[in-house]
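Here is the structure we will look at.
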Amino acid sequence: AAMKFVLQYVGFFFAFFSAAFLIISTWTDCWMVNADDSLEVSTKCRGLWWECVTNVFDGIQTCDEYDSIYAEHSVKLVLTRAMMITADLLSGFGFLFLVLGLDCVKFLPDEPLIKLRICLVSGVMLLLAGLPGITGSVWYAVDVYVERSSLLFHNVFLGIQYKFGWSCWLGMAGSLGCFLSGSLLTCCMYLFRETSSGRFHSAYSLRKGYSSAATVVTNVHLPPSQTATSKMYAVDTRV
């Protein structure tokens, strides 16, 4: 039982920070940052939704949103948006399910099997959240690296060269955390299913035994006069 609690709380810890990292990563503006910031007077960051420029000397930041979501964007940007939003939703719902499945939460306290299944569903959702999260963030980072490397290889200088920034790293960390918490909640919590099932059937058999014993005791202590009266009543009824 103690090991089960430890696994639940470790999974809860990783699920919370993983979902938070994915959401922060999706809605922050530093998926790409200019690589040659030592030569610049400002730091330029690009996110999935807007681009921001921060002055190095006074720290003033100005951001420009991209055009409408229906406007033409690169395939990299559109697919990364879709995958990260999917990861956000799956990890968020997985975390909420995990909260309901915790033993310390007063939700279905007399149904240990149902709470265990809720934890398993939470683990599956977190594992699924890690797939689009890691795919979107790694693909975005590799695309930025390949683009920059090709420009350097062909000696092309466009004024600003980008590398992947901290938002992209945060997306990778959140996705790996989803894989870790999902693995704990599915593979490890599955080991406790038979134990909980055995306890449930034992309790059910015990309750059934008590009810049978109570019936026998009631019939044993039934007065003879009442038994005879009931038999006579049954005979009269048939007649």
Side-chain angles (χ1 to χ4, degrees), residues 1-28 31 48 78-142 167-211:
M3 189 63 183
K4 180 182 176 182
F5 292 148
V6 171
L7 288 175
Q8 280 187 343
Y9 290 126
V10 172
F12 174 84
F13 174 82
F14 281 107
F16 174 77
F17 283 101
S18 299
F21 286 173
L22 285 173
I23 294 173
I24 293 172
S25 171
T26 304
W27 302 101
T28 48
W31 280 72
L48 301 179
V78 174
L79 289 182
T80 305
R81 283 178 176 177
M83 286 186 285
M84 294 306 295
I85 290 176
T86 303
D88 293 346
L89 293 174
L90 287 173
S91 61
F93 281 113
F95 174 73
L96 292 178
F97 271 90
L98 177 56
V99 171
L100 295 178
L102 292 176
D103 290 339
C104 61
V105 176
K106 301 301 181 183
F107 176 74
L108 299 176
D110 299 326
E111 301 291 343
L113 279 179
I114 295 179
K115 290 180 74 72
L116 185 62
R117 287 169 185 165
I118 291 175
C119 287
L120 291 174
V121 170
S122 170
V124 172
M125 295 183 73
L126 288 168
L127 285 174
L128 293 176
L131 289 176
I134 196 69
T135 303
S137 54
V138 170
W139 179 48
Y140 193 96
V142 170
S167 296
C168 192
W169 285 109
L170 209 61
M172 296 180 196
S175 302
L176 293 177
C178 282
F179 283 129
L180 182 57
S181 59
S183 300
L184 287 174
L185 294 171
T186 52
C187 300
C188 297
M189 294 296 292
Y190 184 81
L191 300 176
F192 295 97
R193 190 182 68 168
E194 295 182 358
T195 304
S196 299
S197 178
R199 291 177 180 175
F200 176 78
H201 289 302
S202 298
Y204 176 77
S205 301
L206 192 60
R207 289 197 299 267
K208 187 176 180 181
Y210 282 149
S211 61

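Computed from a predicted model, the values in this text were never measured in an experiment.
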**Report entry** Flag if over 12 foreign heavy atoms under 6.0 Å of CZ, Phe93
**Finding:**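 Counting neighbours around CZ of Phe93, 12 or fewer heavy atoms of other residues, nucleotides or ligands fall under 6.0 Å, so no.
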Query raised in the report: What residues, two or more places apart in sequence or in another chain, satisfy ring pair (Phe, Tyr, Trp, His ring centres under 6.0 Å) together with Phe95?
Result: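 With sequence neighbours excluded, Phe95 shows a ring pair (Phe, Tyr, Trp, His ring centres under 6.0 Å) to Phe12, Phe16, given in chain and number order.
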Query - For Trp27, ring pair (Phe, Tyr, Trp, His ring centres under 6.0 Å) partners two or more places apart - result: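 With sequence neighbours excluded, Trp27 shows a ring pair (Phe, Tyr, Trp, His ring centres under 6.0 Å) to Trp49, given in chain and number order.
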Query raised in the report: Is the Phe13 to Phe17 ring centre distance short of 6.0 Å?
Result: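 Centroid separation for Phe13 and Phe17: below 6.0 Å.
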Query raised in the report: Taking side chain as C-beta onward, heavy atoms only, is Tyr140 less than 4.5 Å from Met84?
Result: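 When only atoms from C-beta onward are counted, Met84 and Tyr140 do not touch, as no gap falls below 4.5 Å.
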If you take all heavy atoms of [X] and [Y], which pair is closest and at what distance?
| X | Y | answer |
| --- | --- | --- |
| Ser175 | Ser137 | OG-OG, 4.5 Å |
| Leu185 | Cys119 | CB-O, 3.8 Å |
| Phe21 | Ala173 | CD1-CB, 4.2 Å |
| Ile118 | Phe97 | CG2-O, 3.0 Å |
| Gly174 | Ser18 | O-CB, 3.3 Å |
| Ser91 | Leu22 | OG-CD1, 3.9 Å |

Between [atom1] of [X] and [atom2] of [Y], what distance do you get to the nearest 0.5 Å?
| X | Y | atom1 | atom2 | result |
| --- | --- | --- | --- | --- |
| Ile85 | Ile23 | CD1 | CD1 | 11.5 Å |
| Arg81 | Leu79 | CZ | CG | 11.0 Å |
| Ser181 | Leu98 | OG | CG | 8.0 Å |
| Ile134 | Phe179 | CD1 | CZ | 6.5 Å |

Donor-acceptor pairs under 3.5 angstrom involving side-chain atoms of residues 122-131: please list them, not counting sequence neighbours.
| residue | atom | partner | partner atom | Å |
| --- | --- | --- | --- | --- |
| Ser122 | OG | Gly94 | O | 2.6 |

Report task. List in chain and number order the residues that pass side-chain contact (heavy atoms from CB on, under 4.5 Å) with Leu180, two or more places apart in sequence or in another chain; answer none if no residue qualifies. Result ->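 Leu180 satisfies side-chain contact (heavy atoms from CB on, under 4.5 Å) with Phe14 once adjacent residues are dropped.
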Report task. Name all residues meeting the side chain to side chain donor-acceptor pair (under 3.5 Å) criterion together with Thr26; count only those two or more places apart in sequence or in a different chain, and write none if there are none. Result ->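 Scan of Thr26 (side chain to side chain donor-acceptor pair (under 3.5 Å), adjacent residues dropped) gives Asp88.
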Report task. For Thr28, enumerate each residue passing the side chain to side chain donor-acceptor pair (under 3.5 Å) test, keeping only those at least two apart in sequence or located in another chain. Result ->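 Ser167.
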